[in-house]
Amino acid sequence: MQLFKRPIFKTMAALLLLIAFLIVPLASALDLNEQQIKQTAQRKYGAKGVQNVEAWLNTMATLQGAPEQQLLREINNFWNKVALAGEDINIWGAEDYWATPLETLGRAAADCEDYVIGKYFSLIHLGVPADKLRFIYVRARVGGASIAHMVLGYYASPNAEPLLLDNLTGIIRPASQRPDLTPVFSFNSEGVYVSGSAPSSVDRISRWRGLLDKMRSEGFTP
């Protein structure tokens with residue numbers, strides 16, 4: 001799929017406004033205060049939350065130094081299995097809520113953005129460069145319907161066809177092998193890209209900044 005080759009945006013002007021207010025620079029590293037994270041999980045979510053957090057930390061510990069392809073497979077599998085797919089309104093009582101990795105582990109439930117957030121920060125912590133990862137909004141054909149969806153794209157090189165990490169399937173495939181997905185736009189720490197235009201700045205106040213602030217209060221240093 002040629003459209004996946006670059007971050008793109010081909011949709012109505014309202015979505016461009018959405019980009020402008022949602023995005024700030026993405027973290028390029030992730031440090032963890034494991035004791036604080038576990039204490040926060042215990043206080044907010046009890047024993048089950050702590051169990052899921054420990055499973056996540058143990059998974060990442062065993063993957064330290066592993067090849068990137070292995071990291072992609074293991075992290076994709078972990079998050080797809082640890083959380084039950086749902087809608088924000090049912091999980092958090094809000095129409096659009098971006099959960100931290102700890103919140104997703106605590107509730108063991110996620111919508112598509114939450115899966116991508118968990119996978120992204122896990123891979124960043126394990127040393128995958130941020131410029132190889134992109135949040136990609138798509139339209140996905142599911143059961144005959146077209147739904148808004150998000151996947152995580154991994155680019156081995158800047159112009160490479162991305163591999164897509166997706167909670168709709170456990171198999172990581174190149175974009176060309178996902179005809180059920182139509183890309184809408186994507187973004188990373190370098191900017192938001194509109195077809196035929198120069199990259200626009202991502203240095204803006206947004207829901208992402210709120211996500212990072214929540215993570216810092218939980219024991220993360222993004």
Side-chain angles (χ1 to χ4, degrees), residues 22 26-27 29-66 68 70-128 130 133 135 140 142-143 147-152 154 164-172 206-222:
L22 288 186
L26 305 186
L30 181 68
D31 293 326
L32 310 174
N33 183 328
E34 294 191 10
Q35 182 177 2
Q36 183 180 350
I37 292 169
K38 291 178 184 179
Q39 289 174 346
T40 303
Q42 178 65 53
R43 183 175 72 254
K44 290 186 174 182
Y45 305 108
K48 181 61 175 177
V50 174
Q51 179 181 335
N52 287 341
V53 166
E54 289 180 339
W56 178 51
L57 296 174
N58 290 340
T59 295
M60 291 196 295
T62 63
L63 290 173
Q64 291 290 342
E68 287 185 355
Q70 181 181 353
L71 298 182
L72 298 179
R73 290 193 305 271
E74 297 293 339
I75 291 301
N76 191 58
N77 288 338
F78 174 85
W79 284 98
N80 284 357
K81 291 178 180 178
V82 77
L84 181 66
E87 300 294 333
D88 283 335
I89 193 65
N90 298 321
I91 301 171
W92 300 106
E95 290 293 337
D96 189 13
Y97 186 88
W98 288 18
T100 69
L102 175 56
E103 288 176 320
T104 297
L105 293 168
R107 290 287 177 90
D111 77 346
C112 57
E113 290 95 346
D114 303 332
Y115 285 106
V116 173
I117 289 167
K119 295 171 187 179
Y120 171 83
F121 280 110
S122 299
L123 293 170
I124 290 293
H125 178 68
L126 289 166
V128 177
L133 302 172
F135 292 71
V142 178
I147 65 170
H149 188 52
M150 180 188 273
V151 297
L152 183 64
Y154 167 82
L164 303 183
L165 285 67
D166 187 2
N167 65 288
L168 296 179
T169 175
I171 302 174
I172 299 174
S206 73
R207 193 171 288 118
W208 186 271
R209 178 62 57 84
L211 175 71
L212 298 183
D213 287 343
K214 286 192 297 180
M215 290 179 64
R216 293 185 185 99
S217 73
E218 295 169 345
F220 299 93
T221 307

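Being a predicted model, the structure only gives us computed values, none of them experimental.
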Could you tell me whether the side chain of [X] and the main chain of [Y] form a donor-acceptor pair under 3.5 Å?
X      : Y      : answer
Tyr154 : Val128 : no
Tyr97  : Glu87  : no
Asp114 : Asp111 : yes
Asn76  : Leu72  : no
Gln36  : Ser217 : yes

Would you check, one step at a time, whether the test side chain to side chain contact (heavy atoms under 4.5 Å, CB included) holds for Leu133 with Lys119? CA-CA 10 Å; Leu133 302 172; Lys119 295 171 187 179; over 6 Å; no
Hey, mind stepping through Glu103 and Lys214 against salt bridge (Lys or Arg N to Asp or Glu O under 4.0 Å) and telling me if it holds? CA-CA 10 Å; Glu103 288 176 320; Lys214 286 192 297 180; 3.1 Å; yes
Could you measure the distance from the [atom1] atom of [X] to the [atom2] atom of [Y]? Nearest 0.5 Å is fine.
X      : Y      : atom1 : atom2 : value
Lys48  : Leu105 : NZ    : CG    : 10.5 Å
Met215 : Leu102 : CE    : CG    : 9.0 Å
Arg73  : Asn77  : CZ    : CG    : 9.0 Å
Gln51  : Lys38  : CD    : NZ    : 12.5 Å
Asn52  : Arg107 : CG    : CZ    : 13.0 Å
Asn80  : Ile171 : CG    : CD1   : 11.0 Å

From CA spacing to verdict: side chain to side chain contact (heavy atoms under 4.5 Å, CB included), Trp98, Ile117: CA-CA 8 Å; Trp98 288 18; Ile117 289 167; 4.1 Å; yes
Under the side chain to side chain contact (heavy atoms under 4.5 Å, CB included) test against Met60, which residue among Leu30, Leu32, Leu123 passes? Leu32
From the list Asn33, Ile37, Asp31, side chain to side chain contact (heavy atoms under 4.5 Å, CB included) with Phe220 holds only for Ile37
Minimum heavy-atom distance [X]-[Y], with the two atoms named:
X      : Y      : result
Ala110 : Ile91  : N-CD1, 3.5 Å
Pro101 : Gly118 : CG-CA, 4.3 Å
Ala130 : Tyr120 : CB-OH, 3.9 Å
Ala109 : Ala83  : N-CB, 3.8 Å

Give the ring-plane orientation class for Trp79 versus Trp56, where under 30° counts as parallel, over 60° as perpendicular and anything between as tilted. perpendicular
Please step through side chain to side chain contact (heavy atoms under 4.5 Å, CB included) for the pair His149 and Val142, ending with a clear verdict. CA-CA 10 Å; His149 188 52; Val142 178; over 6 Å; no
Would Thr100 and Glu218 count as a side-chain hydrogen bond (donor to acceptor under 3.5 Å, both in side chains) if you check the C-alpha gap in whole Å, the side-chain angles of each, and the deciding distance to 0.1 Å? CA-CA 9 Å; Thr100 69; Glu218 295 169 345; 3.0 Å; yes
Counting only heavy atoms from other residues, nucleotides and ligands, does the tally under 6.0 Å from CD of Gln64 exceed 12? yes
I want to check something: taking the side chain as every heavy atom from C-beta on, are Ile75 and Leu63 in contact at a cut-off of under 4.5 Å? yes
Check: Leu152 and Leu164 side chains under 4.5 Å, non-hydrogen atoms: no
